[in-house]
Amino acid sequence: MSRIVISTSSSGLDNISISNTIDIIRLRMFINNVEFVDGKNITSERLRMLMTELDCSAVHTTPAPATEITELFTNLYHHGYKEVFITTLSSKLSESYKIIKEVANRFTDRMDIYVYDCKELNICEATLALEAEHLMSEGKSLGQIAQRLDDLRRSHKMLFAIDDLSYLIKNKKLSTTAGFFANMFSIKPVLKMTDEGEIVAVNKIRKIDRALEHIVDEFAAALQHSDTFGYVFSMGRPELDKQFMALIQQRTGIKSLPILPVSNISLANHGPTGVGLGVFIGELPFAAAQFKSL
């Protein structure tokens, strides 16, 4: 039986040097009203440069259109695929899940398509997609894959801080009211993903340095356990990544963690001014060893 795993480009798999056969549904970015296809005609380096030079209101993202999803599923069907497992970023942050699910429902008489809402983004979405591919190679059913991903997702925690909230506010990923007061008082909120897949502020701190200290202190104990996989996710500021890693070493004794790039889609939505820390506690992903070798 022909089977395949697909993820959305919000996972950032394009930017991670791990061999895989996962197909990608590519989201769009509009910069000064010019459309770019994520991972096709724009790179993270070019995006970061444009966002630095242009006003941040000039960048926004959209899901892949239903016509493209329909064409993808039609091609898979004609190539003999019978089972398709798709991971998407949080449905609270994007219409991707809704659009893909609606198109998948029109193919129920031809293929078994499981559309999985990761309720996460970036490295966690990539990790869940890689886990799905591994489990599929072992012959697990689509339902078994989804159950394992549920367990992994529950074991994942992440916190991040952003120096400039303008991108999040203008892209409606953080409430305007919260962002207004944060900017007015120079507050650098520590942010997290909720279990429902929303981005919320969990602590309001006046300086980025203090925000990073808070993040490390929250995860310091967990990072030192053998049943934890931790990673730093980078938004493209090497000096901030280096400062953050030095802080982690100072407070935990851990000399290195994988530093993994956020996806282009997150960069467009959140901006290039932050850094974060993610951990899987107890349930460790198959890809952890691969990430550690990067």
Side-chain angles (χ1 to χ4, degrees), residues 12 15-17 43-53 56 59 120-124 126-127 156-169 173-174 178-179 182-193 199-225 228-281 288 291-294:
N15 300 332
I16 302 171
S17 301
T43 64
S44 58
E45 291 78 13
R46 186 182 181 198
L47 174 61
R48 195 175 294 110
M49 181 270 292
L50 291 173
M51 293 183 76
T52 301
E53 294 183 355
C56 61
V59 183
E120 289 276 2
L121 70 168
N122 285 314
I123 306 305
C124 188
T127 301
H156 182 255
K157 308 294 180 186
M158 78 173 186
L159 294 171
F160 60 104
I162 294 176
D163 204 17
D164 180 357
L165 295 175
S166 301
Y167 304 92
L168 273 170
I169 297 165
K173 306 304 181 184
L174 186 68
N183 282 341
M184 176 180 287
F185 297 108
S186 299
I187 291 172
K188 311 300 180 186
V190 174
L191 306 169
K192 76 168 187 176
M193 294 291 295
I199 297 175
V200 299
V202 295
N203 208 321
K204 296 178 180 179
I205 300 170
R206 289 190 179 275
K207 294 183 178 180
I208 190 70
D209 293 357
R210 296 296 301 277
L212 300 185
E213 289 173 3
H214 175 83
I215 292 172
V216 176
D217 289 346
E218 283 291 306
F219 288 144
L223 284 171
Q224 297 175 76
H225 289 175
T228 297
F229 167 64
Y231 63 90
V232 171
F233 53 97
S234 169
M235 298 179 195
R237 288 180 59 183
E239 77 285 355
L240 191 59
D241 300 342
K242 184 177 180 180
Q243 175 187 344
F244 194 38
M245 195 62 241
L247 182 62
I248 291 170
Q249 181 175 355
Q250 175 189 336
R251 297 206 188 256
T252 68
I254 296 171
K255 294 183 179 180
S256 67
L257 288 174
I259 299 178
L260 306 173
V262 299
S263 67
N264 299 341
I265 293 299
S266 275
L267 194 63
N269 284 322
H270 305 157
T273 66
V275 69
L277 183 60
V279 296
F280 287 89
I281 304 171
F291 284 137
K292 289 177 182 177
S293 67
L294 293 178

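Within the 4.5 Å cutoff, the side chain of Pro258 has no heavy atoms near those of the Val232 side chain. Using a 4.5 Å cut-off on side-chain heavy atoms (C-beta onward), Ile199 and Phe160 make contact. Contact of the Leu277 side chain with the Met245 side chain is not registered, since no non-hydrogen atoms from C-beta on lie closer than 4.5 Å. For the pair Gln249 and Ile254, the minimum side-chain heavy-atom distance is 4.5 Å or more. Under the 4.5 Å side-chain criterion, counting only non-hydrogen atoms from C-beta, Val200 is not in contact with Leu191.
Among the candidates Ile123, Asn269, Asn122, the single residue satisfying the side chain to side chain contact (heavy atoms under 4.5 Å, CB included) test with Val262 is Asn122. Here the rule is side chain to side chain contact (heavy atoms under 4.5 Å, CB included) with Phe244, and of Ile259, Val275, Asp209, Ile208 only Val275 fits it.
The structure places CG of Leu223 at 6.5 Å from CD1 of Ile248, a figure rounded to the nearest 0.5 Å. The distance from the NZ atom of Lys192 to the CE atom of Met158 is 11.0 Å, given to the nearest 0.5 Å. Expressed to the nearest 0.5 Å, how far CG of Leu260 lies from OG1 of Thr127 amounts to 8.0 Å. With rounding to the nearest 0.5 angstrom, the OG atom of Ser44 is 5.0 Å from the CG atom of Asn15. The structure places NZ of Lys242 at 10.5 Å from CD of Glu239, a figure rounded to the nearest 0.5 Å. The line from CG of Leu267 to CZ of Arg48 is 5.0 Å long, rounded to the nearest 0.5 Å.
When all heavy atoms are compared, the tightest approach of Glu120 to His156 is OE2-ND1, 3.1 Å. Of all heavy-atom pairs spanning Ala126 and Ile16, the tightest one is CB-CD1, 4.2 Å. What you find for Arg237 and Ser234 is that their closest heavy atoms are N-OG, 4.2 Å. Here the closest non-hydrogen pair linking Thr252 and Gln224 is O-OE1, 3.4 Å. In terms of heavy atoms, Gln243 sits closest to Leu212 at NE2-CD1, 4.1 Å. Summarising the geometry of Ala211 relative to Ala161, their closest heavy-atom pair is CB-CB, 3.9 Å, with the distance given to 0.1 Å.
Note: Tyr231 and Phe280 have tilted aromatic rings, judged against thresholds of 30 and 60 degrees for the angle between ring planes.
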**OP:** Test side chain to side chain contact (heavy atoms under 4.5 Å, CB included) on Asp217 and Arg251 and set out the steps.
**Re:** CA-CA 8 Å; Asp217 289 346; Arg251 297 206 188 256; 2.9 Å; yes

Subject >> side chain to side chain contact (heavy atoms under 4.5 Å, CB included) evaluation trace for Met235 with Ile162 >> reply: CA-CA 9 Å; Met235 298 179 195; Ile162 294 176; 4.2 Å; yes

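Environment of CZ in Arg210: sparse, with no more than 12 heavy atoms of neighbouring residues, nucleotides or ligands closer than 6.0 Å.
Taking the charged nitrogens against the carboxylate oxygens, Glu218 and Lys157 have no contact shorter than 4.0 Å, which rules out a salt bridge.
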